J.: 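First the structure, then my questions, so here it is.
One is the number of the first residue; the rest follow in order along the sequence. These figures come from a predicted structure and were not determined experimentally.
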Amino acid sequence: MNMIQNAKDQVLDLTVSAYQKAAAEGLLPQDAAVTPSVEIPKDTANGDYTTTFCLAAAKAMKMNPRQVAQTLIDNMALEGSYFTSVELAGPGFLNFRLGGKWYADTVSGIESVGEHYGENDMLAGKKYMVEFVSANPTGPMHMGNARGGVLGDTLASVLQKSGADVTREFYVNDAGNQIVKLGESLTARYFEYFGKEYPLPEDGYHADDIKEIAAQLAKEEGDKWLTADPKERLAYFMDYGKKKELEKIDRDLKTYRVTMQSWMHETFFYEDNCKRINACLDRMADMGLTYEKDGALWFKSTDYGDEKDRVLRKSDGTFSYLTPDIANHVYKVERGYPLLVDLWGADHHSYVIRMQNALTALGYPKGTLEVDLIQMVRMVEDGKEVKMSKRTGNAITLRELCEDIGVDAARWLFVSKDVATHMDLDLKLARSKDNNNPVYYAQYAYSRMCSILRNPQIPEFKSVDVYERLTDEKEMQMLKLISEFPKEVAADALNRKPNKMTEYIITLVKVFHSYYNSTKVNNPDDPELTNERIGLIKAAMITLKNALTLIGVSAPESM
């Protein structure tokens, strides 16, 4: 349901029908091949929609555009339409003013579709894989993961709301040296649990969560690993530690209201003697995209605009990080995802070009891979940066942040800023329960809406065909804002700007709070006006809840 598009379509139909009628009566030349554009003017004081048909058609007709416009107005039938008037403006614009039927259809349409309101077909038939978070499975998630988590999740949600088939994927970096360090760190803590000495790597993982995993392992399996073969023990501890860390990551993400549909492991691409990686390298070689130099295998990435060629296989036979990542993205497409969106850290800027070049070289269409780089986050309190948790003395984790300020505040504040901007998260503001906190301000609006409808003195809403009594400027603003919701969802999806949804929410709730403070919804002496205002509140409630749901923020009925 898209009432803006419905209104635009009706302007088009009314204009074309008026032209056809005038042409049939000989008032205008026949067969003017013009498709009018229909827009919402920046200043709606003189009308809600405008068309440039007359300006475009006048040249073909060899007539004055104002004369064409007046002829169309004289032959236009607005009865039964969404519009109460059409006026001539400027050099030949036709300005249409919305009437009560459009407002009534907007309210009843929103109420009828409920939680589905905002759905649109902008990306119908498109299939996306959105990869985000993708933290190393070596410890708790940090603030960069928290920001990327909500941005990726909200992006996936607006893509889905716009008709796309979307899968959320976590890419597990579990084939590098960091997993070896994890295994060695876990071994040291395991020995420590039994009162034995084992060197803890200086560059290993020293946080308490490794001690906790070691204690769990010791309780489950006893001390048998103290005397086991070191290679066998390290391999087992690497795998055990990785699994436990991933379980915690998954649990914390779900607490954060992020659910991944797919977990792809880097080690998958090393299975069967690196079958998938070697298949990619063979394909690139067959296409003349590689060459050997100094015992290494190189990708001719300068042929595609890179500053230098990139190593795929080092002289010692190991792969560069780029190589399994190429195989990963090729495999995404092979699994049926022609459109890929990755959210990476800001330090991956040059890496974006390499990956896109590799896919272009392999023959995939431009735009197969789009990457959004997430800028840094600072935690601040009382104007000072907060780097460490007061409780643990370590970096603040996602879990601790959610326990401190709540999931709603965390998600809202992280998604409210564009991915490309550096941000400060004000902990004091996030904890506050007043209108200075934007998530509280938005949720309080929803709670107020619910309180209006819970009032036992409020009569039951009755659907009507025409809204003629809503004349307050704030009522008009609210009606137009809620009608724009599907358009907002589609724009946020198309432009990959999930942060824009919070801006839309704040705009809507500002108007509502002002309306609430100035207007009495229930007027027993005027049941018709009361009924229309109840309908408006119900439609605004549905819209606000759906918008909050898209960003993963709750809509409490009371506060």
J.: Should Glu532 and Arg469 count as an ion pair when the cut-off is N to O under 4.0 Å?
T.: no
J.: Are Lys332 and Glu169 packed together at the side-chain level, in the sense that at least one heavy-atom pair is separated by less than 4.5 angstrom?
T.: yes
J.: Taking the side chain as C-beta and beyond, is there a heavy-atom pair between Leu398 and Asn145 under 4.5 Å?
T.: no
J.: For residues Leu123 and Ala493, report the shortest heavy-atom separation together with the two atoms involved.
T.: CD1-CB, 4.0 Å
J.: Parallel, tilted or perpendicular, judged at 30° and 60°: which one describes the rings of Trp263 and Phe170?
T.: parallel
J.: Which heavy atom of Arg533 sits nearest to which heavy atom of Lys520, and what is that distance?
T.: NH1-O, 2.9 Å
J.: Side-chain contact test, heavy atoms from C-beta onward, threshold under 4.5 Å: evaluate it for Pro486 versus Tyr117 and give yes or no.
T.: yes
J.: Ser17 side chain to Leu14 main-chain N or O, any donor-acceptor pair under 3.5 Å?
T.: no
J.: Do Asn120 side-chain atoms and Gly118 backbone N/O form a donor-acceptor pair below 3.5 Å?
T.: yes
J.: From the options Met476, Glu475, Gln477, select the one residue that forms a side chain to side chain contact (heavy atoms under 4.5 Å, CB included) with Glu473.
T.: Gln477
J.: Side-chain contact test, heavy atoms from C-beta onward, threshold under 4.5 Å: evaluate it for Leu373 versus His348 and give yes or no.
T.: yes
J.: Kindly indicate whether the side chain of Leu155, heavy atoms from C-beta on, has any atom under 4.5 Å from the side chain of Leu151.
T.: no
J.: Start with the C-alpha gap between Met501 and Val489, add the side-chain angles, then the distance that decides, and say whether side-chain contact (heavy atoms from CB on, under 4.5 Å) holds.
T.: CA-CA 7 Å; Met501 188 54 60; Val489 174; 3.9 Å; yes
J.: Is the shortest distance from a Lys or Arg side-chain nitrogen in Asp250 or Lys254 to a carboxylate oxygen in the other one below 4.0 Å?
T.: yes
J.: Quick check: does any side chain N or O of Ser514 sit under 3.5 Å from a backbone N or O of Val511, one acting as donor and the other as acceptor?
T.: no
J.: How about Asn6 and Gln10: does a side-chain donor come under 3.5 Å of a side-chain acceptor?
T.: no
J.: Any salt bridge linking Arg431 with Glu381? Criterion: basic side-chain nitrogen under 4.0 Å from a carboxylate oxygen.
T.: yes
J.: When you compare the side chains of Asp105 and Tyr82, does any donor N or O come within less than 3.5 Å of an acceptor on the partner?
T.: yes
J.: Without swapping roles, check the side chain of Asn437 against the backbone of Ser432 for a donor-acceptor pair under 3.5 Å.
T.: yes
J.: Closest heavy-atom contact between Met376 and Arg147?
T.: O-NH1, 3.7 Å
J.: Search all heavy atoms of Asn531 against all heavy atoms of Glu460 and return the closest pair with its distance.
T.: OD1-O, 4.0 Å
J.: Gln375 side chain to Ala346 main-chain N or O, any donor-acceptor pair under 3.5 Å?
T.: no
J.: Which heavy atom in Ala410 sits nearest to a heavy atom in Leu401, and how many Å separate them?
T.: CB-CD2, 4.1 Å
J.: Would you mind checking if Lys500 and Asp492 are paired as a salt bridge, meaning a charged N to carboxylate O distance below 4.0 Å?
T.: no
J.: Parallel, tilted or perpendicular: which describes the rings of Tyr440 and Tyr444, with under 30° parallel and over 60° perpendicular?
T.: parallel
J.: Taking the six-membered ring of Tyr256 (Phe, Tyr or Trp), confirm whether the NZ or CZ of Arg411 is under 6.0 Å from its centre and within 45° of its axis.
T.: yes
J.: Show the nearest heavy-atom pair for residues Ala547 and Ile505, with the distance to one decimal.
T.: CB-CG1, 3.6 Å
J.: Mind checking what makes salt bridge (charged side-chain N to carboxylate O under 4.0 Å, His left out) contact with Lys127, not counting sequence neighbours?
T.: none
J.: Quick one: does Ser134's side chain have a donor or acceptor within less than 3.5 Å of a partner on Val172's backbone?
T.: no
J.: Taking Asp472 for its side chain and Lys474 for its backbone only, find out whether a donor-acceptor pair lies under 3.5 Å.
T.: yes
J.: Applying the ring pair (Phe, Tyr, Trp, His ring centres under 6.0 Å) criterion to Phe96, which one of Trp102, Phe83, Phe53 satisfies it?
T.: Phe83
J.: Check whether the side chains of Glu245 and Thr138 place a donor and an acceptor atom closer than 3.5 Å, and report yes or no.
T.: no
J.: Could you check if a side-chain atom of Asp48 sits within less than 4.5 angstrom of a side-chain atom of Lys480, using non-hydrogen atoms only?
T.: yes
J.: Does any part of the side chain of Ile405, heavy atoms only, come nearer than 4.5 Å to the side chain of Leu425, both counted from C-beta?
T.: yes
J.: Can we say Asp153 and Arg168 salt-bridge, meaning some charged N sits less than 4.0 Å from an Asp/Glu carboxylate O?
T.: yes
J.: Taking the side chain as every heavy atom from C-beta outward, state whether Asn95 and Pro41 have any atom pair closer than 4.5 Å.
T.: no
J.: Just by distance, no angles: are the side chains of His329 and Asp342 close enough, under 3.5 Å, to form a donor-acceptor pair?
T.: yes
J.: I'd like to know if the side chain of Thr530 pairs up with that of Asn523 as donor and acceptor (distance under 3.5 Å, no hydrogens or angles considered).
T.: no
J.: Could you tell me whether Asp74 and Lys21 make a salt bridge, using a distance below 4.0 angstrom between a side-chain N and a carboxylate O?
T.: no
